[in-house]
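The structure under discussion appears below in the form of structure tokens.
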Number of protein chains: 2
Amino acid sequence: SKVEIQLAAAYVSDAQYNRNILFDRSPEGIRLYRLYNHWGLLSITYIFIVVDLALAIFEEPAVVPLPIWATSLVEFLCLLVFTGRLVHFAKVIPRKSFWKDAKNICIIVTILLTLVDMIIYGSLKVTGYYGDRWSRVLRPLFLVNITESRQVRRAFRSIRNTLPQILYVFLLFIFSVLMFSLMALKLFGKRNYLTIEGKPYFTNYLEVVFNLYVLVTTANSPDVMMPAYNNNTWFSIFFILYIIINTYVFMSVFLAVIYNNYKKHLKEEVKQLVSVKRHKMVKAFKVLQVCEGNEYIVRQSHWNQLVKMVEPSISNAYRELLWSVSDDEQKGYIGKVAFVQLADLLNIRVITTKARIHPLQTWLPDLYHSAGSRLIHKMVQHKGFVYAYDLIILINAVFIGLDEENAIIAYAEWVFLGLYLVEISLKLYTYEPRLFFAKHQFWNWFDTIIIIAALVATIVTSVLRSSGGYNSQQVLDIVFILRVLRLIRIVDSIKRFRSIINTLMNIGPTMLTFGQLVVVVYYIFAIIGMEIFKYKIKSYSPDSTDPESEFCGNILLKDSKFANYKYCKNNFNNIVSSFILLLELTVVNQWHDILLKQNGFTMVTHISAILYFIIFHIVVVIIILNIFIAFILEAFFVEY
Amino acid sequence: SKVEIQLAAAYVSDAQYNRNILFDRSPEGIRLYRLYNHWGLLSITYIFIVVDLALAIFEEPAVVPLPIWATSLVEFLCLLVFTGRLVHFAKVIPRKSFWKDAKNICIIVTILLTLVDMIIYGSLKVTGYYGDRWSRVLRPLFLVNITESRQVRRAFRSIRNTLPQILYVFLLFIFSVLMFSLMALKLFGKRNYLTIEGKPYFTNYLEVVFNLYVLVTTANSPDVMMPAYNNNTWFSIFFILYIIINTYVFMSVFLAVIYNNYKKHLKEEVKQLVSVKRHKMVKAFKVLQVCEGNEYIVRQSHWNQLVKMVEPSISNAYRELLWSVSDDEQKGYIGKVAFVQLADLLNIRVITTKARIHPLQTWLPDLYHSAGSRLIHKMVQHKGFVYAYDLIILINAVFIGLDEENAIIAYAEWVFLGLYLVEISLKLYTYEPRLFFAKHQFWNWFDTIIIIAALVATIVTSVLRSSGGYNSQQVLDIVFILRVLRLIRIVDSIKRFRSIINTLMNIGPTMLTFGQLVVVVYYIFAIIGMEIFKYKIKSYSPDSTDPESEFCGNILLKDSKFANYKYCKNNFNNIVSSFILLLELTVVNQWHDILLKQNGFTMVTHISAILYFIIFHIVVVIIILNIFIAFILEAFFVEY
Ligand code: NA
């Protein structure tokens with residue numbers, strides 16, 4: 001019956017997309033469940049998550065300030081959507097499992113807390129008091145806990161499982177830092193050495209600990225060593241040992257522990273995914289099975305209806321092919337073993353490699369088969385054609401490096417554009433256009449888009465230039481970028497390069513998961529950072545004549561390294577500059593300059609602000625970054 | 001016969017120590033070969049290698065200058081020893097294999113080149129000309145190519161095998177840097193931005209490339225971005241993409257490629273070692289075999305003679321044990337399969353765990369078994385004993401952190417020393433002393449040595465202080481270091497810490513191989529660096545009143561960042577400061593400050609000196625350091 005087919009289709013689709021949701025098996029339940037997984041509803045949910053996160057752009061401290069009622073309204077709308085999605089989910093699955101699932105509770109609590117916070121904040125504002133929108137820190141929880149973000153959740157679970165092991169290494173590492181600091185205090189503290197700034201060197205234990213912690217990130221090397229080293233060469237041994245043990249050995253051990261755990265966890269996850277997939281397919285089989293002799297089977301007619309429902313887009317011919325693969329003995333029915341493979345079969349995207357006939361061959365057969373035409377085909381297919389264009393790209397690179405104000409070089413640009421257009425035309429003449437622009441032909445797409453965009457941009461520039469001499473810098477920038485991007489395709493000519501690039505592109509999708517993880521962590525730190533540090537440091541346009549621009553608008557920073565290095569724009573005054581600052585902190589270099597006592601953020605707030613930066617370093621550099629490296633390592637081992 | 005036993009012993013010993021040398025099988029040949037492998041000769045060779053390398057301390061530019069005739073004489077002596085060793089080796093193996101082996105040729109060429117260089121240098125000096133001792137660069141070749149340094153050679157072979165794969169990733173990485181640089185030149189070059197030093201920003205292509213290369217090492221982040229970012233927030237996207245692609249992805253890919261190759265290579269090497277070992281043991285078997293019925297066997301009498309010759313130190317009882325393991329059916333002879341295991345059996349160091357009787361139990365049985373004595377035993381073996389001493393260590397740590405000028409605290413030090421001595425005495429009273437000080441009891445040895453050394457040093461200090469108030473800072477330093485080191489043993493109380501520490505200690509020996517690798521590379525770079533940069537930058541004592549100390553003795557460095565940061569001691573004026581400088585370059589931070597155009601070494605020599613630093617970075621940071629990380633990763637996976 002139709003309901004049974006629908007139920008089986010829901011199971012197969014779950015197996016296909018690795019879902020593991022226990023839904024209500026009534027006809028109404030199945031319909032709701034299929035609706036729940038509809039790509040349209042999914043997209044709407046994701047759009048509202050992005051909107052919710054993006055609200056930080058418009059709220060105080062804002063990039064583009066909007067009135068509170070506007071952002072609150074949008075946020076309320078987002079909450080409504082999330083609630084709706086959750087109610088929908090609650091209808092789909094049994095009540096018991098709904099309340100058992102931590103992520104549902106988490107979403108409900110987050111929504112309630114956000115509402116409470118909005119009300120408190122609103123009433124405080126109305127009565128003229130100052131309030132914090134603290135619940136903004138919770139927003140990334142929607143991204144993590146919405147049912148579809150399985151991979152992000154898996155990544156977080158992996159981190160949580162690794163934590164106990166990291167903790168012990170971390171404690172040992174901190175113990176080592178503390179011991180070295182104690183030794184440094186005893187060795188150098190009484191010697192009356194001075195730092196470059198003329199301050200006493202290594203006389204306060206907490207300062208020693210902080211300086212040596214920064215040395216682990218290498219950010220204050222060799223400056224932290226110089227006062228001791230300048231006075232006695234032997235003291236360098238202390239720092240050499242410190243760097244070997246703490247910077248090299250311990251940081252590698254962190255990577256080792258995280259990588260080890262990552263691999264272990266990955267294996268378990270894959271095993272579990274395979275078992276859930278099989279389990280779902282067996283359930284689908286049991287729905288459709290009939291008894292034939294002494295074995296349970298599924299008939300071709302049922303199978304056909306099922307596949308039509310699961311993947312309406314696939315052609316009859318391809319479905320026939322899939323059936324013949326499953327029913328290899330042509331019995332007209334299949335057993336459980338053959339049926340279970342269906343989910344994997346549907347996930348294989350077969351690339352149609354059948355030779356298509358070039359349209360010109362159909363329309364102008366005489367011309368297409370003429371001797372001249374065939375010569376062109378041979379020429380384009382010849383290795384020399386590739387080499388010739390590689391040479392052209394190299395010459396182009398030289399011309400780009402030269403000064404484009406020169407008239408000849410500006411003219412040459414047209415020549416190069418023409419040559420590239422000729423190349424694409426010749427290729428389209430030789431190869432079948434639909435094959436040339438097939439989905440997996442990345443470089444053909446890349447070439448064509450870059451060159452057509454460059455053509456359009458170059459024409460726009462020259463039109464702008466000839467009509468009144470107006471020169472749009474933005475369009476010019478785009479032209480320059482496109483010109484340089486064009487050169488990239490030379491890597492495709494070298495086989496070894498291609499294989500590395502392919503590996504990097506294959507791990508791209510998984511990188512997106514990682515990107516979400518980073519966004520979650522950065523967002524939380526950015527919101528907290530904005531609450532603590534906003535407007536403490538102001539940035540001015542580079543040609544500002546305001547005398548306050550000399551010290552970033554905060555007299556405490558007068559003559560500080562922070563202001564002298566023109567770091568004013570490294571601040572927490574909006575979400576964008578916060579993200580950029582956090583990236584700088586991730587890169588670690590000069591991070592002590594951005595925060596150290598005599599400079600930057602601790603100067604304009606309080607010494608304890610150091611904690612914010614150290615916690616960020618531990619979470620992002622020691623944990624997240626090592627997971628990234630572990631992920632690249634594993635991906636390269638599998639792919640390369 | 002004795003000769004046969006000697007031949008078999010040579011094979012077994014080769015199998016034991018993974019040697020693979022084809023020696024002459026005549027009685028004289030066997031005798032020479034056994035002599036060649038004698039630990040005395042080995043030690044002499046290594047001592048002379050160290051002496052040869054250490055000559056750099058005494059030669060211009062010297063730490064401790066010695067006259068040329070003295071260093072030349074010692075070097076000549078070293079060359080004589082190396083020649084002697086090589087002649088000995090030539091006598092041991094067939095002439096054909098001697099000349100086929102690249103490492104012998106390498107040693108001969110190195111010796112000849114060194115002699116030629118010494119003669120040229122000597123004659124130039126005598127006639128008053130200036131000459132370079134360029135052959136000093138070749139000295140590490142002795143360390144690598146002397147036959148015994150198998151592991152170092154294996155490491156170099158592993159690097160050589162990885163090079164082709166690294167090369168392609170490196171080329172792609174360089175291509176990426178060049179493309180980004182071209183884009184940066186086009187985007188920022190015409191905008192008239194200025195750096196903090198007021199210089200034009202990103203206007204010269206080579207400078208852009210260098211700046212972006214430095215950004216990969218993170219050393220100039222965020223300074224290199226600030227001029228563009230201060231003018232337009234969007235430009236930060238360029239740098240963010242650059243850092244993600246080049247600093248994070250490419251550097252991880254380097255690690256992935258090197259680690260992948262390291263693992264592969266390691267597996268092959270291990271496989272080969274096992275096969276060579278088996279092969280040698282089979283050879284030894286064939287020498288001793290006799291035909292018994294229809295199988296070849298080795299008799300116990302021959303086997304006994306063999307083991308006595310291979311390992312004269314092992315006791316009769318232990319040899320009997322080994323035999324009974326091999327001849328498990330007690331037939332009085334063994335076949336090939338059992339015989340081949342001998343090399344591995346001999347390598348197992350059985351830790352004698354048999355309970356020994358405490359000497360006091362023998363001498364004073366009544367006292368030792370008295371109720372009081374048994375109470376002490378129980379107390380020492382109780383968990384509380386460990387906790388009590390952990391608490392004492394923690395209190396001690398606080399006291400160390402306090403000011404030791406205070407009389408009470410100075411007195412407390414004696415109390416702590418006394419408590420630790422009591423602890424060791426009690427343990428020695430409870431546990432059998434020979435078991436307590438067994439080879440593998442690292443922490444017992446550590447405790448005892450540290451505490452006795454601290455006791456001696458503290459007594460020396462107080463004697464010195466009471467007799468005339470003289471205070472030796474060196475002795476005081478040692479006391480401080482010992483006091484802090486004492487605290488380390490608290491990690492042994494926590495099981496999880498112990499397992500991490502054990503892993504680190506187990507990989508220690510292999511780290512030594514790695515250390516040799518680093519010494520070889522550092523030595524070569526140090527010698528070259530000294531030839532290029534010696535005396536260009538001078539260092540002065542911190543309290544020097546010489547006006548030249550303001551600019552490191554080179555007027556070109558007047559008002560430079562290099563001089564202002566008091567970096568003068570970061571120079572190539574002797575082998576020790578060269579090594580320290582190279583370590584600073586390995587840590588990478590501020591390396592552009594040590595060399596950049598407007599500072600440091602390129603300022604006092606020539607812009608092309610940058611090449612020295614870039615090549616060092618590629619060799620040490622991209623290749624050697626990643627091998628180190630790969631090595632720690634693999635070690636942790638195997639051990640942890
Ligand atoms: Na750095």
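In the text below, chain A, chain B and the rest are named by the order of the sequence lines, each starting its count at 1.
By number of non-hydrogen pairs under 4.5 angstrom with chain A, the leading residue of B:Ile488, B:Ile629, B:Val588, B:Val587 is B:Val587. If you tally non-hydrogen atom pairs under 4.5 Å between each of A:Tyr229, A:Phe175, A:Tyr540 and chain B, the highest count goes to A:Tyr229. Considering only heavy-atom pairs separated by less than 4.5 Å from chain A, the leading option among B:Ser176, B:Ala397, B:Ala219 is B:Ala219. Ranking A:Leu178, A:Asn231, A:Thr217 against chain B, the residue ahead of the rest is A:Asn231, based on heavy-atom pairs under 4.5 Å. Chain B forms the most heavy-atom pairs under 4.5 Å with one residue out of A:Thr586, A:Val249, A:Ile580, and that residue is A:Ile580. Of all the listed residues (B:Leu185, B:Ile243, B:Ile244, B:Leu625), the one sharing the greatest number of non-hydrogen pairs under 4.5 Å with chain A is B:Leu625. Interface remark: of the candidates A:Ile494, A:Val576, A:Val253, A:Thr247, A:Val253 forms the most heavy-atom pairs closer than 4.5 Å to chain B. Annotation: maximal heavy-atom pairing with chain B below 4.5 Å, among A:Phe628, A:Trp591, A:Tyr205, occurs at A:Phe628. Listed options A:Tyr259, A:Tyr248, A:Tyr193, A:Phe180 were ranked by heavy-atom pairs under 4.5 angstrom with chain B; first place goes to A:Tyr248. For the set B:Asn230, B:Ile632, B:Leu187, the entry with the most heavy-atom pairs within less than 4.5 Å of chain A is B:Asn230. Residue with the most contacts toward chain A among B:Lys263, B:Lys569, B:Glu584, B:Gln590: B:Lys569 (heavy-atom pairs, distance under 4.5 Å).
In this structure, chain A has no heavy atom under 4.5 Å from any part of B:Leu194. For A:Met226, the part lying near chain B is the side chain, with the backbone staying farther off; criterion is any non-hydrogen pair under 4.5 Å. Neither the backbone nor the side chain of A:Asp543 comes within contact range of chain B, judged by heavy atoms closer than 4.5 Å. Interface remark: A:Ser539 contributes no atoms to any contact with chain B (heavy atom separation under 4.5 Å). The contact between B:Ser577 and chain A is made by backbone and side chain atoms together, counting heavy-atom distances below 4.5 Å. For B:Met225, the part lying near chain A is the side chain, with the backbone staying farther off; criterion is any non-hydrogen pair under 4.5 Å. If you measure heavy-atom distances from B:Ser221 to chain A, the contacts under 4.5 Å come from both the backbone and the side chain. Contact of B:Phe239 with chain A is not made at all, since no heavy-atom distance falls under 4.5 Å. B:Thr233 touches chain A through backbone and side chain together, each having a heavy atom under 4.5 Å away. Of the atoms belonging to B:Asn232, it is backbone heavy atoms, and not side-chain ones, that fall under 4.5 Å from chain A.
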Test side-chain contact (heavy atoms from CB on, under 4.5 Å) on B:Asn626 and B:Tyr262; report intermediate values, then the result. CA-CA 10 Å; B:Asn626 275 328; B:Tyr262 179 86; over 6 Å; no
Could you go through the side-chain contact (heavy atoms from CB on, under 4.5 Å) check for B:Leu255 and A:Leu255 one step at a time? CA-CA 12 Å; B:Leu255 178 60; A:Leu255 179 59; 3.8 Å; yes
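In this structure, the separation between CG on B:Leu482 and CG on B:Asp477 is 11.0 Å, given to the nearest 0.5 Å. Rounding to the nearest 0.5 Å gives a distance of 8.5 Å between CG of A:Asn261 and CD1 of A:Ile258. Distance check, rounded to the nearest 0.5 Å: CD1 of A:Ile240 to CG of B:Leu583 gives 5.5 Å.
Between B:Phe250 and B:Phe170, the ring centre distance reaches or exceeds 6.0 Å. Between B:Phe188 and B:Phe238, the gap from one ring centroid to the other is short of 6.0 Å.
Between the side chain of B:Arg498 and the backbone N or O of B:Asp492 there is at least one donor-acceptor pair closer than 3.5 Å.
The two residues A:Pro227 and A:Thr195 come nearest to each other via the heavy atoms CG-CA, 4.2 Å. Nearest heavy atom pair, residue B:Val491 against residue B:Ile501, reads CG2-CD1, 4.1 Å. Taking each heavy atom of B:Val484 and A:Met179 in turn, the nearest pair found is CG1-O, 3.6 Å. Between A:Phe235 and A:Arg191 the shortest heavy-atom distance is CZ-CZ, 3.6 Å.
Taking A:Arg489 as the reference, A:Glu423, A:Asp447 meet the salt bridge (Lys or Arg N to Asp or Glu O under 4.0 Å) condition, with sequence neighbours excluded.
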